[in-house]
Amino acid sequence: MGFSDKCLRHAVSFEAERAYRNVIGRSLRFNNFIPLCFRSKHKFSEKFLKDVDGYEKESVLIGYSGLDGLIGNERSREKFRENLNGKSFDFNATLAQKHFPSITLGYFPSVELYDGTTCYSETTESLVPQILEGCFPSRIDANWVDPNCLYHTPDSLHAEISNTNASYLLDEKVEESTMNPQSSDWKTEIMDALQFTVSKPCSIPETQETDISVAEILDKHISCIPGLNKRQLCQLENCGFYTLRKLLHHFPRTYVDLQNAEVEIDDGQYLIFVGRIMSSRGIRASGSFAFLEVIVACEVADIKTDSECIANEFDDRRKRTIYLHLKKYFRGARFTCQPFLKSIQEKHREGDTVCISGLISSAGRKVYRYRMVEEWNFTSQVRTMRSKDHFEMREYNIDVLKDEGDSNVHAKGRPYPIYPSKKGLNPAFLRDIISRALKTLPISLDPIPKDVTQEFGLAYIGIHQPKSLNEADLARRRLIFDEFFYVQLGRLFQMLEGLGTELEKDGLLEKYTKTELSAISMEEWSHLTKEFMKVLPYTLTSSQLRATSEIIWDLKRPVPMNRLLQGDVGCGKTVVAFLACMEVIGLGYQAAFMVPTELLAIQHYEHLLGLLEKMEEANGKPSVALLTGSTPTKQAQFIRKGLQTGDISLVIGTHALIAEKVEFSTLRIAIVDEQHRFGVVQRGLFNSKLYFNTLTSQLDPTSSKDNLKKDVVAPHVLAMSATPIPRSLALALYGDMSLTQITDIPPGRTPVKTYIIEGNEDGFEKAYQMMMEELDGGGKVYVVYPVIQQSEQLPQLRAASADLENISKRFPNYNCGLLHGRMKSDEKDEALRSFRSGQTNILLSTQVIEIGVDVPDASMMVVMNSERFGIAQLHQLRGRVGRGERKSKCILLASTTSSLKRLKVLEKSSDGFYLASMDLLLRGPGDLLGKKQSGHIPEFPVARLEVDGNILQEAHLAALKVLVNSDDLEKFPDLKAELSMRQPLCPLGD
Ligand SMILES: Nc1ncnc2c1ncn2[C@@H]1O[C@H](COP(=O)(O)OP(=O)(O)OP(=O)(O)O)[C@@H](O)[C@H]1O
């Protein structure tokens, strides 16, 4: 028999009346309570509306798949059957659907209800939760119950476990392939595994796919998700889920493998149980106090440690049943009323399979858990109850996994995603909404071109509804890839956009993609460079030679170089930079060398003059000038004039060099030392020092006389970093730069011996003793302080100025000097000069010496309150000693015992790259580079730079591949749109 008008009317009227009575009778506020089905044009609907007039009509969805669902409880069903006078009620959804095209039944496709109204196509199994939804507003005491828990989405799992064809396809694929995330071929695996994963679109017809860009789809408002009511929309918006993208980027915090009951665990560990609801009772304890108790029986592996069980190793995974008593308490008279208690108890259905997550908190308890892939925060507690194998949980997450008889979850053994809640939104609700959102995605939603993503594939399904843990991991990698890819693409794209001609663009891309071309033999260096080499008091290390060759190769390209020269402290970067300057000067151009401090500018200037002195005039000795903020005005004017006319070929200085009034005649290279001390914009200001290039042809080996061009050209930029940041971080920060690394240190150096000493009385005594030995042996000592002056707020910090007297007294036979940032420029210079010359033997200093200070015979460093410094920073400081042949030592005095362990890493290693990686792991990239620079680190919500460096490399190459194909991205409009939506360039601005 079909589903007659009469039946439906009876059923709905009956249920509506019941709900009305229950709710109104208790004088509770209500809304949304009558679920009606109607369409204004529909005769039956019209009549029906009249019948139930007087009730509030708001909801228009019906999602019954049978009588049981239609009428909530058994008693009502019996009454309903009585009303049918013995007639059978054989529910046939298809027929009903035909008969009443205005309603949605079970999981059948939705039909528009009536014109001009939102189409509600959500399907629910029971109306009761919907009816009650509005009855208990958020006035409920938040301490006692989370109002969202009252919301229940019985079909929340439906989406996850629905057996779409695509899902099956994927399953087979995943099972067939032996996916190994570690293998180099993981990208292909991802694609293979994920290309079928996107289910058929619901809201966006396939035919439209080509017209709508990915960005447009992902940035659609969440109202495009079918079946969302106003309240849900509001809730989601309040949590910031405005778009599909935002929602889909709410990733599971973990997955639970429902198949694997595992080992026993101790306190404080996270638990996930899967079990079956035995009972659910809302109990009124007093006039103003009630509670809900749900008892869940869980089978856990009975792991025994006694010899009896060990004897049979196959038997030790026997199962035993434990009982969880999930309790939720309600205080207040309104929560003791029967309808309420009934409603909360009915939220949990006997026989349902559920996943309970929690954290054991009572001391010494042993309980069992299900395996988790990764663990994030849970706040539930488990308590052992008096009776054996009974545990109480007062705070828990409960997720309905399946109805009785539905064996999908276990049969498929798929990982079950556990979502973090957001602003009180129930994770189960979120899962349900996300699952619905996934269904709205069209089949091909990958903006990254196929030839690049052959290997990759889309990750949303994989991350939200993985079929295996491997798939989840691959999806995670894809997300990481995307994050990196768009940043790299953005940076490279931005750089290409800045170039004027196609020739330059091609040249640049060629340079990036064909790294093997990027060096030039020494014979081809300019005459001046070769002459300069001859006056060096040492021979270059192989790393220095290779670096110089790479840079000179780049200088000979017509495209402006953008290169980062990176190397450990004291590896000899400065001389490489000098050689680069000589190369352009030798060809008739100018060079500028910018450093962050005057101290360093003077040091470089004097160092260079010292070397040039040895050069013969006949070899075209360059004219060098020093320009800093302290340069007297007249002298500064004179220097600027010299730069404008081209009389000065090399200028060394501070920020003063990028001042607007400084003009160059033909600036061909700008060296930026300790580049992370300068902002991106500051670095970029050199690009505005353009010059009119008449010599392109001389530099470009490919150009002929015919195509001699007169171009406006930006200078090459060579940035230098003494912070040996890990390659991944370098790529993330400077994806648009070529990288040259100096990996060895000049010969004859011995590693600095490092001692970590606790800064108590004994510790200081020991340190002073070692200092005395060093001084007596003819050494020079730096003592580094965290602050200049003693502070009342931080009395434990030793201060440089305050300690001068103390140290002078301790070492009466030796001279002490003071150097800190608040001193005038010439005072600083004088202090360093005295130390260098040996007039002072001990230099008390702050971290101003950290960068670049080079006193080769300084042989000892003592760092006070070394716990105040980061690992990379201490490594930099330590690099101020051990720069000559004298054996050097470094004492790190730590005033807290807890920091000793952290500092130990410096005792063990002197490899800057290793230490930087450790620092990166411990503190994250932002901290590693300091506040100023951290603003330039793009945010990677999923990726961790510390560990995902290899994916970053892949992403960099993929971005290059795309740009080689289309440097303006015109061929990839989807990708371009996505790039602009992601705005990866934002972090660059400062
Ligand atoms: N190949 C070499 N052989 C011997 N000594 C060298 C060599 N190259 C450079 N040096 C010397 O090593 C010392 C450190 O060099 P430099 O100041 O260039 O290092 P750096 O890499 O800039 O270090 P930092 O990052 O600490 O500033 C200098 O005294 C320099 O003269």
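Remember, it's 1-based here, ligands and their atoms both numbered in the order they're listed.
Contact annotation: Gln603 has no heavy atom less than 4.0 Å from any atom of ligand 1. Residue contacts with ligand 1 do not include Leu536, since none of its heavy atoms lies under 4.0 Å from the ligand. In this structure, Gly879 has no heavy atom closer than 4.0 Å to ligand 1. Within the 4.0 Å heavy-atom cutoff, Arg880 counts among the residues contacting ligand 1.
Between Lys889 and Val881, the closest side-chain pair of non-hydrogen atoms is not below 4.5 Å. Side-chain atoms of Arg798 and Phe764, non-hydrogen and from C-beta on, do get closer than 4.5 Å to each other. Side chains of Ser888 and Met860 form no contact here, defined as non-hydrogen atoms less than 4.5 Å apart. The closest side-chain heavy-atom distance from Leu804 to Cys816 is below 4.5 Å.
Looking at Pro537, Gly610, Gly748, Pro746 and measuring to atom 6 (C) of ligand 1, the nearest heavy atom belongs to Pro746. Taking each of Arg883, Gln566, Lys573 in turn, the one with a heavy atom nearest to atom 17 (O) of ligand 1 proves to be Arg883. Within the set Gln876, Arg749, Met720, the minimum heavy-atom distance to atom 12 (O) of ligand 1 is found for Arg749.
At least one N or O atom of Asp854, backbone or side chain, sits closer than 3.5 Å to an N or O atom of ligand 1. Below 3.5 Å of separation, one finds an N or O of Gly570 facing an N or O of ligand 1. The N/O atoms of Leu540, backbone and side chain alike, include none that comes under 3.5 Å of an N/O atom in ligand 1.
Remark: ligand 1 atoms within the under-4.0 Å shell around heavy atoms of Thr541 are 1 (N).
A donor-acceptor contact under 3.5 angstrom links the side chains of Thr529 and Glu583, judged on distance only. With no hydrogens or angles considered, no side-chain donor-acceptor pair links Thr740 and Gln566 at under 3.5 Å. Between the side chains of Thr628 and Thr654, no donor-acceptor pair of N or O atoms lies under 3.5 Å.
Nearest protein heavy-atom neighbour of atom 2 (C) of ligand 1: Tyr538 CD1, 3.3 Å. Among all non-hydrogen protein atoms, the one lying nearest atom 27 (O) of ligand 1 is Gly852 CA, 3.4 Å. At the shortest separation from atom 19 (O) of ligand 1 among protein heavy atoms lies Gly572 N, 3.3 Å.
Only the side chain of Gln544 comes within 4.0 Å of ligand 1, judged by heavy-atom distances. Neither the backbone nor the side chain of Ile742 has a heavy atom within less than 4.0 Å of ligand 1. Contacts between Thr574 and ligand 1 below 4.0 angstrom, taking non-hydrogen atoms only, involve backbone and side chain alike.
The aromatic rings of Phe578 and Phe532 lie perpendicular to each other, with more than 60° between the two planes, well past the 30° mark.
Contact between Asp673 and Met720 at its shortest, heavy atoms only, is OD1-CE, 3.3 Å.
Under the 6.0 Å distance and 45° angle rule, Arg878 does not count as a cation-pi partner of Tyr782.
Within a 6.0 Å radius of NZ in Lys530, more than 12 heavy atoms belonging to other residues, nucleotides or ligands are found.
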